Amino acid sequence: MEHRSQAESALGGAAYGMLFVLGVVMGVVGGFTHPLWPVGPLPGAAVVWVLMLFLVCLGAGKLLRARLAAAVPGAGWLLVTMPFTVQLASGDLVIASGLPGYVYLYGCLVALVVAYLLSPSSSRGSWLLRGYPAKNQT
C-alpha cells in the first residue's frame, strides 16, 4: 500500500482544482467567442473551442493518468455552459440556436466524452499523485 504525504495530497488537490478553474474559464470565454471567425459556412471559432477543450481534457487525463482528471475540466465547462443555453425573460441568450451554437455545444459535449474514454484508467496512479511505498513495520 502506498502512502502519500500531506504535501503530495495538497498538490493533487491543487492540480484538480486548477483543472476545474481552467474548465470554468474556457466555458466563459468560449461561450462568448464561439460565433466569431466564420470560415465560409463553418463557424471557425466554435471548431477551435471544440478542439481546445478536447486537448485540455485529454492532456489532463493522460498527464495525471486518471479519467477523473479528464472529467474535471469538463465539469467546470458544463457548470458555466449549461446556464448560457437558457433564455432569460428579457430575451438574452449567450449560446443561441444556430450552426455556431450547435457546433460549440454538441461538439464540446462529444469532445468531453471522447477525451474521457481515451484517458487511461490505470490503478497505478499518476506521476504527480504517486505516493511512496510504505516501509515494513514489524
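Remember, it's a predicted structure, so these values are computed and weren't measured experimentally. Numbers here are sequence positions counted from 1.
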Could you go step by step and tell me if M26 and L22 meet the side-chain contact (heavy atoms from CB on, under 4.5 Å) rule?
CA-CA 6 Å; M26 290 181 74; L22 179 61; 4.2 Å; yes
Look at the side-chain heavy atoms of Ile, Leu, Val, Met, Phe, Trp and Tyr, link any pair under 4.5 Å apart, and say whether L55 and V47 land in one connected group.
no
Nearest non-hydrogen partners of C57 and S119, listed with the distance
O-OG, 4.3 Å
Hphob cluster co-occupancy, V80 + V29, side-chain heavy atoms under 4.5 angstrom
yes
Assess whether side-chain contact (heavy atoms from CB on, under 4.5 Å) is satisfied between L19 and L64, documenting all intermediate values.
CA-CA 11 Å; L19 286 172; L64 295 177; 3.7 Å; yes
I need the full list of side chain to side chain donor-acceptor pair (under 3.5 Å) pairs touching residues 23-52, with sequence neighbours left out, sorted by first then second residue.
T33-W49
Are L112 and V21 co-members of a hydrophobic cluster defined by side-chain heavy atoms under 4.5 Å apart?
yes
Where do V50 and A111 come nearest, in terms of heavy atoms and distance?
O-CB, 3.9 Å
Please tabulate, for side-chain N and O atoms in residues 96-110, each donor-acceptor pair with protein atoms closer than 3.5 Å (sequence neighbours left out).
{"unit_1": "Y104", "atom_1": "OH", "unit_2": "G31", "atom_2": "N", "d": "3.4"}
{"unit_1": "Y104", "atom_1": "OH", "unit_2": "W77", "atom_2": "NE1", "d": "3.0"}

Do you know which two heavy atoms are closest between A45 and L36, and how far apart they sit?
CB-O, 3.1 Å
What residues form a ring-ring contact (aromatic ring centres under 6.0 Å, His included) with F20, not counting sequence neighbours?
none
Nearest heavy-atom pair of L117 and R67: which atoms, and what distance?
O-NH2, 3.3 Å
Flag yes if L79 and V25 sit in one hydrophobic cluster, no otherwise; membership is Ile, Leu, Val, Met, Phe, Trp, Tyr, and two members link when side-chain heavy atoms are under 4.5 Å apart.
yes
Within-4.5 Å side-chain heavy-atom neighbours: T81 and I95:
yes
Hydrophobic cluster membership, with links at side-chain heavy-atom distances under 4.5 Å among I/L/V/M/F/W/Y: are V24 and V72 in one?
yes
Can you tell me how far apart CG (L68) and OH (Y116) are? Round to the nearest 0.5 Å.
8.0 Å
If you measure from CG on L58 to CG on L63, what distance do you get to the nearest 0.5 Å?
9.0 Å
Around atom CE of M82, are there more than 12 heavy atoms from other residues, nucleotides or ligands closer than 6.0 Å?
yes
